[in-house]
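Every value quoted in this text rests on a predicted model; they were computed, and no experiment measured them.
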Amino acid sequence: MEDIKDILYDDVEQKFIELQDRKKKRKVRWRRVKRLVILTVLIVGTFYFASDYSKVKSLSISGNTYYSDDDILEMAKLSYRTRYVIMPKFLINWNLEQHELIESVDVIKNWQGAIQLEIHEKKILGSIRDENGKAYVIVCGQEKEPFEKIAVDEAHIPVLANYPILGDFDDENMQKLVDAFNVNKREVSEDFIAMISEIQPYQRSYDAHMVKMVMQDGNTLYSSYDGIPLLNDYKQVLRSSGKSHVCMELDETNASIYEQPCQ
């Protein structure tokens, strides 16, 4: 009669073999499932990227003044042919922030294929030209930070009409002018700067370092550097007086703007 130990051993061995067979079958099934999933993903992905469904459906841009919408799209490497999924927000930001006059960008994407770009350009005070006629923009940093002088390419010369023409300020007085437009809590905004046509050095017997600002509306403003933050009140003064082509003084001592005879 067969030994009981042999019987038990054969039974355990048989169960072990069956268990191994089941494991092998599960592995085979799992490999088949994985292959099927990968194949399905490849087919769907190929169909998606080959179709218009993968392309950007809507592009909107705001906040830009110096750069045109076309400039922004070219710099961001975006178009309506762009595949939406392979253009992540960080890459759009990186593409745009490589350019000198871009401070930062807010990118909003939704799953309907829309991309919104909110552009934050550096604050441009105005434009100057050197002795050779080369154009530059003067860029304000934060308060008390040195100003930047950035060359303007030919394509953007027409854009300079949006900013004041700056007179012959030396570097020291240009820095004072930039600082005057950036005084903490009294910063003169880009909207007000756009109302100015020219900013020229000006002097009087009692103050050799003043500025003369010719406004787009025809008025002329005179001020020391300390009085420039009063430009924030200029619109209110205009509404009160209703006058144009007059001369006004920005008086920082009395924190007021008043009319005076033109000189």
- prompt: So do the side chains of Ile193 and Lys123 get within less than 4.5 Å of each other, counting heavy atoms only?
  reply: yes

Looking only at heavy atoms, the pair that brings Leu59 and Tyr80 closest together is N-OH, 3.3 Å

| query | Any donor-acceptor pair under 3.5 Å linking the side chain of Asp153 with the backbone of Ala155? | reply | yes

Discussion item. Less than 4.5 Å apart, side chain to side chain, heavy atoms only: is that true for Ile102 and Ile72?
Written reply: yes

Heavy atoms of Phe169 and Ile199 approach each other most closely as CE1-O, 3.5 Å

Nearest heavy-atom contact between Ile157 and Arg129 is CG2-NH2, 3.9 Å

_Taking the side chain as everything from C-beta on, heavy atoms only, tell me whether Asn254 gets closer than 4.5 Å to Tyr258._
no

- prompt: Are any of the side-chain heavy atoms of Val246 and Gln260 separated by less than 4.5 Å?
  reply: no

Can any side-chain N or O of Asp251 pair as donor or acceptor with the backbone N or O of Ala255 at less than 3.5 Å? no

Give a yes or no answer on whether the side chain of Glu252 reaches the backbone of Ile228 with a donor-acceptor pair at less than 3.5 Å. no

Point to revise | Over 12 foreign heavy atoms within 6.0 Å of CG, Asp168 | key: no

Do Asn132 side-chain atoms and Lys134 backbone N/O form a donor-acceptor pair below 3.5 Å?
-> no

Nearest heavy-atom approach of Phe192 to Asn232 is CZ-O, 3.6 Å

Checklist entry - Any chain of hydrophobic side-chain contacts (each under 4.5 Å) joining Ile115 to Leu91? => result yes

Would you say the side chain of Asp71 lies within less than 4.5 Å of the side chain of Tyr66, judging by non-hydrogen atoms? no

Worksheet item: Any ion pair linking Glu249 and Arg204 (charged N to carboxylate O, less than 4.0 Å)?
Response: yes

Quiz item: How far apart are the C-alpha atoms of Asp170 and Asn173, what are their side-chain angles, what is the distance that settles it, and do they pass the side-chain hydrogen bond (donor to acceptor under 3.5 Å, both in side chains) test?
Solution: CA-CA 5 Å; Asp170 59 28; Asn173 282 288; 3.0 Å; yes

Notebook entry, point to check: Are Tyr225 and His209 near enough that their ring centres are under 6.0 Å apart?
Noted result: no

All heavy atoms of Leu177 vs all of Leu166, minimum pair found to be CD2-CD2, 4.4 Å

* Kindly say whether Cys140 contributes a backbone atom to a donor-acceptor pair with the side chain of Glu148 at under 3.5 angstrom? => no

* Asked: Would you call Met215 and Ser197 a side-chain contact if the rule is heavy atoms closer than 4.5 Å?
  -> no

Between Asp171 and Lys149 (salt bridge meaning N to carboxylate O under 4.0 Å), is one present in this structure?
no

Students should find that the hydrophobic cluster of Tyr222, defined by side-chain heavy atoms under 4.5 Å apart, otherwise consists of Tyr202, Met210

Where the side chain of Asn95 meets the backbone of Lys77, is there a donor-acceptor pair that is under 3.5 Å apart? no

**Message:** So for atom NZ, which belongs to Lys89, do other residues, nucleotides or ligands contribute more than 12 heavy atoms lying within a distance under 6.0 Å?
**Reply:** no

Beyond-backbone contact of Ile92 with Met87, side-chain heavy atoms, under 4.5 angstrom:
yes

Path from Leu125 to Phe147 over hydrophobic side-chain contacts below 4.5 Å | yes

Residues pairing under side-chain hydrogen bond (donor to acceptor under 3.5 Å, both in side chains) where one sits in residues 98-109, two or more places apart or in two chains, turn out to be Asp106-His120

field: Gln216, CD: over 12 other non-hydrogen atoms inside 6.0 angstrom
entry: yes

Are Met75 and Ile124 grouped together when hydrophobic residues (ILVMFWY) are joined by side-chain heavy atoms under 4.5 angstrom apart?
yes

Residues Ile257 and Leu230: closest non-hydrogen pair is CD1-O, 3.4 Å

